[in-house]
Each structure stands twice: as C-alpha cells, then as structure tokens.
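Letters A, B, ... are given to chains in the order of the sequence lines, protein chains preceding strands, and every chain is numbered from 1. Values below: every heavy atom of this structure, side chains too, minus hydrogens, waters and symmetry copies.
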Amino acid sequence: MLFFLLGNAFATAEEEIVEHIPGVNKVNAEELIELVGQIPQMLIIDSRIVSDRAHGYIEGSTSLPDIDTDCGSLAEIIPDKSHPTLFYCNGPKCGRSANAVQIAQKCGYTNLHWFFGGFEEWREKKYPYIKK
Amino acid sequence: MPLYVSIKTNLILTILVVGLLGLGLALASTSVYRDVILDYKRQSLVDLVKIKTRDKMNQLEEYARDLGNSLKTSTTFRQALGNNDPEALHDTLEQQFHQYFVTANILRLERLVVFTTDFEPLAESSAGNTTLKHAGSVCPDLIEQAEQRQGAARLQILATLCKNNGHPYYTVLLPLGGLNPNGYLEVVTAPTPSLSPIEDELGMPVQIRLPDGNPLYRSQQWPESRNNGLIARYSLNTTNRREPALLIEVYDDTRQMYQELQNTRDIILLLSAIVIALVTAVALFLLRRTLIRPLQMLNSHLQRLHGDNKLLGEQILSRSNIIEVNQLVDDFNLMAAELHDLYGRLERMAYTDPLTHLPNRGLFNDYIDYLLNQYSGSGKRFALFLIDLDDFKLVNDEFGHEAGDMLLCEIALRMDNVLRTPTLTENQGISLADIASHDLLVRLGGDEFAVVLPEIASNEQIDEIATKLTATIRSPINIHNTSLATHLSIGITIYPDDGNGRTSLLHRADVAMYHAKNHKLDYCFYHHEMTESRISRR
C-alpha cells in the first residue's frame, strides 16, 4: 500500500513537468527573440513570484505570478483574446508558466506562446536581463 | 698483503656496509621524494590559482554586467541614447565612474563606450588615470566578433580578455534597448584589482605581472628572497588569441613542509638504525651459537692437543645447528682418532725393540728420568739392573744369527715372566704413564738388557728378583733341537744410594755388571769401593 502511494506520489511529481500544451506555441530563447523581432507588440508575461523576479527578468516583460493569474487579471493586461502573448517562468521544472498558459487557454486566449526554457535558459545563453 | 678478519668482524662489517647503503638510499630517496612532492605541490597550486582566477573573472563579468544594467535602466541614459545625443551620453557615462561599483573598489572601470547597432562609437568615457592611450574600442577583436553575429545571437552578452598596448583588459559587451537592441555598451575593466583578493582566499602572497615581467600587483608579504619556498605560476591568456595576458604567481613557504619531511626522514633513519642494530645483535647471537662457539671449541681443543699429545684421541662431543660445522667436527674427530692411532703406533715403534718386542733404550732412558723426577726427595728407591749375556757371541758364531735371535727372544720372555709386573703385556701402547710403577725389562742392544724395579722396599726384594732372573736363564734353552745353556751377569745400582742421575746410575751398574762378569758372579750390587774391594754373592 505504501509503495503504491509512493509510486503515485512520484508519478504525480513527474507528471507535473508539462512539456507540451496543445494549441500553444512552445519556443526557445532564440525563437523568442526572433518572434519579438517579427511581432514587436508581443506581450511577455513573467509568471514567477515577485521574489524570483528580483534575481533578474527579461527586459520588457510584465509580472503576473501564476497564483494571481485568472481571467480577470489577464484581461487587465492583455488587450484582446487574440493578442500575441508569451509566458515564461524560471525554467522547465518551474511549472508556473505552463499553469498560467493553461489558465489563459481556458479564459479563451488564442495567440499564446510559451518559453519553456524560461529564465534559466535565458541566462545560460548569456542574453541580457534586468536585475533591480 | 691479505687481510685476515674474524667471522664476527666480517659480519659486523657486512651489516654496517648494508646499513650505510640503506642510509644512503634513504637520503637519496628523501631528496627525490622532496622534489616529487614539490612538483605536485606546485601543480596543485597552479590548478588552485586557475580555479580562483576563473571565479574572479566570472565575478568580474557579473559586476560589469550589473554596472551595464544599472546604466541602461537609468532614464537619463535611455533618453540620451533615444535622442542619439553623444554629449548627454558622455555625461551619463562619466557619472558611472563615481558609482558604487567603482567607488567601492568592486571593479576597476577603465572605459565605457556606447556603440550604435552598426558598432560605430557614439560616446565614450575613461577614467582619469587610465593606461589607455587611444580612443574607441579597447578590444577590436570583440567588436569584430560582435559585428559578425546574426539573428538572436546579436543579443548575447560577450565577454573577453584582451590586450591593449601591452596591458590586459576585461571587456563586456552588452546590448542596449531590450530585445530589439538599439545600441551596445562596452564595459572595459582592469582585471588585476579583481584578481588580487586571491591572496586572502589562498592565504598566500600573490604577485600579478605582465608577461614582460613588469609587476602590476604584489602582496605586502611577497618575499624578497624565494629560497624558502616555491612559486606557482599561472598564465592567464587572452580569450581570442590565446596569448599570455597576465602571470599570476603565488608564493608558498615550504619551510614547514621541509621540516616535516626532515622529521619524517629522521624518524625513518632512527628506526632503520634500531632495526640494523637489532639485526646485528640477533645475527651475532645466532652466529655465536651456531658458528663462533663451535669453532672456538675446536680451536681450544687444538690448543690443548698442542700441549699434550695424550689428548689426541679425545673427541669433541658438542654439536651445532649448522650442518657444515657438525661435518667439520665429525671430520676433526675422525682425523684426531686416526692421528691418535698413528701416534700410538709411532710411539711404540720408537720405544720398542723390534726383535724381542721389549721396550728399547729410548723408553728405558725416559723411564729412568721419569722415576728420578718422581722420586726426587720422596725417600722412595728404585733398582737398576744392567744384564749382559755371557758368551753370546759364541752362540752367534756357532749356530748363526737366527739362533742367536731366537735365544735372545726366549731369554727376554723368561726374564719378563720373573718380574713382579711383566713388561711384555699385550704389547699395548707403551707410554711412561702406562708403565709407571711397573717393573721394566728393556733390551739395550745386542745381548745387553736392563731391568728397572720401582718402589723397592728392601734389598731382599732385589736379591729375590736377581736370583730368579739368573735361575730362569740357567735352564737350558732349546734352539733347533739343540739345548743351549747360557749365563747372565747382572750389575745393580739403587737410587738414590748409588747415584742421583741416570748416567751415574748406569755407569755404576755397568761397573757392577763387569765386576760380576769378571768374578763369575750372577749379580753384583755396586759399591763405591768396588774397584778395590769386590762384593759379590753367588
């Protein structure tokens, strides 16, 4: 019984890393930069909590932690449902951006992009970030 | 000239030589180990300095990036850049030299340059005391590399260590204006002040100098003489051209290490000396038990033999644990037995008359001397008979020498049988000790015999034996079926009455014997007036 529970617990932990979200454009750092170059009005949402953001963030991004993300808060930031919007958090294990993207999907947003590698990939690849 | 040494000396010398060789090897190996340890230590220090240097350079990049970030987020700077205003930009850049990073000595800022997106210099500012002599980019290679980038790569932060006018500079190139760069900022720093804290982290004096030897930084503790330590040198190369930009040296005082090595070596040497001493003691102990003592015993036995031939047949009974020593003892015993036998035979041959097998004149003389020595001052007496066979020459002439010899043998046998203790026993080894206190009959030569009678209690005893002697000869002797009658003449002297020396006793016995012969007497005692007054008994 204990093994069963433990097994389930691990299975759950592994399942938390979401790698693909249907209907969402998953990008890496370079694709993000290309995308912003092509779509200057791209809205970048930082789904991390405020204390994480203090370590540095992508210039031009807007802070909206996933725990605060709902249809209402999204509507305040995103002008319309088809506006190009990109979510990111700390990295693949973070889960906050995936969570926020799925909430946005449920709220009916259609032009969604997801930077799966997050801030970890951004910093490793030596792209500039702001730290305050 | 050959050198003769004892087994003991040999062994001690051998162990000493081996010990000295071991000592030499220990000293030599200590020197080798010390060099190896020094090499390892130097290499470890170089690796350590390399790691520390990398950390410091990463930290410097981080600080330069932070400085760039703080600059590009300032509204004044953004406005100046947005307005493409070189003067305003220059003023903003100038202010950076009074910011926290610089004033708190976190980094040594040398120059700030703002470029357009085409990498044309837009504005720049340098520190007042900078070593830079020419305006513009400090690391042209970096700008060249940045220009060649395409796409997203144009947004990456570049960092490089380069040389300008022989001096090293660490330069970070940051994009300005968010994800769509509208310019670039080159942050030029001097790496030496960022590297010098290595001395505190390693706890060792540090010297940083240019490849040409010109020092840029030197710890206060940097020694004037380097004889007491080692220097580990790490060469920090430029990023692109891989040529030496800085030499970072640390000094490690090796005196303590040497002292510990010395102590360890001393302990090892002391232990070795103790082990050698123990081995020597054990080896000597074993050698003494197994070899030296048996050999000494053999030697002492030989010394004893040298003084007394009687001990020749004596066997050595002690045994050793060494097979060869036992073999030597066995061989010695065998040889001693053979020598004893041979010596006995030689002695017999020397003391025995070959015809009658009686003792000869040699033994007679020795026996008289022996008795003279033994009896001197003791009050004891012995008698000396000098016996001559009358008319023996006639027997030889008439019946031949063979008959004469047979007659002599028969007479010898008869006379011997008359004595209190017969001389002709089993013809065993004749020695003075064997015949001491025995009556002795000897053949002096030809038809002349002698008898020695030791421990004479009275003259009657002498009379009795003399009478028996003449009586036993008087019976006819049968030789080749011919009966021969012979007669003895006996001259008698008595020690110490008639003389104190062998010669005088013999001479006087001879006088007495001729006196008997001339007077047809059987025997005659010597008397000092014998030539004038003849005493005889029949």
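Proximity to chain B among residues 27-59 of chain A is limited to A:E30, A:L32, A:I33, A:E34, A:V36, A:G37, A:I44, A:I58, A:E59, judged by heavy-atom separations below 4.5 angstrom. Using a 4.5 Å cut-off between non-hydrogen atoms, the part of residues 62-79 of chain B that approaches chain A consists of B:E62, B:R65, B:D66, B:N69, B:K72, B:T73, B:R78.
Annotation for A:K26: atom NZ counts as buried by contact number, over 12 foreign heavy atoms lying within 6.0 Å. No more than 12 heavy atoms of other residues, nucleotides or ligands sit less than 6.0 Å from atom CZ of B:R241.
Residues B:Q156 and A:K125 share a closest heavy-atom pair of NE2-O, 3.0 Å.
With a 4.5 angstrom heavy-atom cutoff, B:A159 does not touch chain A via any of its atoms. For B:L155, the parts lying under 4.5 angstrom from a heavy atom of chain A are both the backbone and the side chain.
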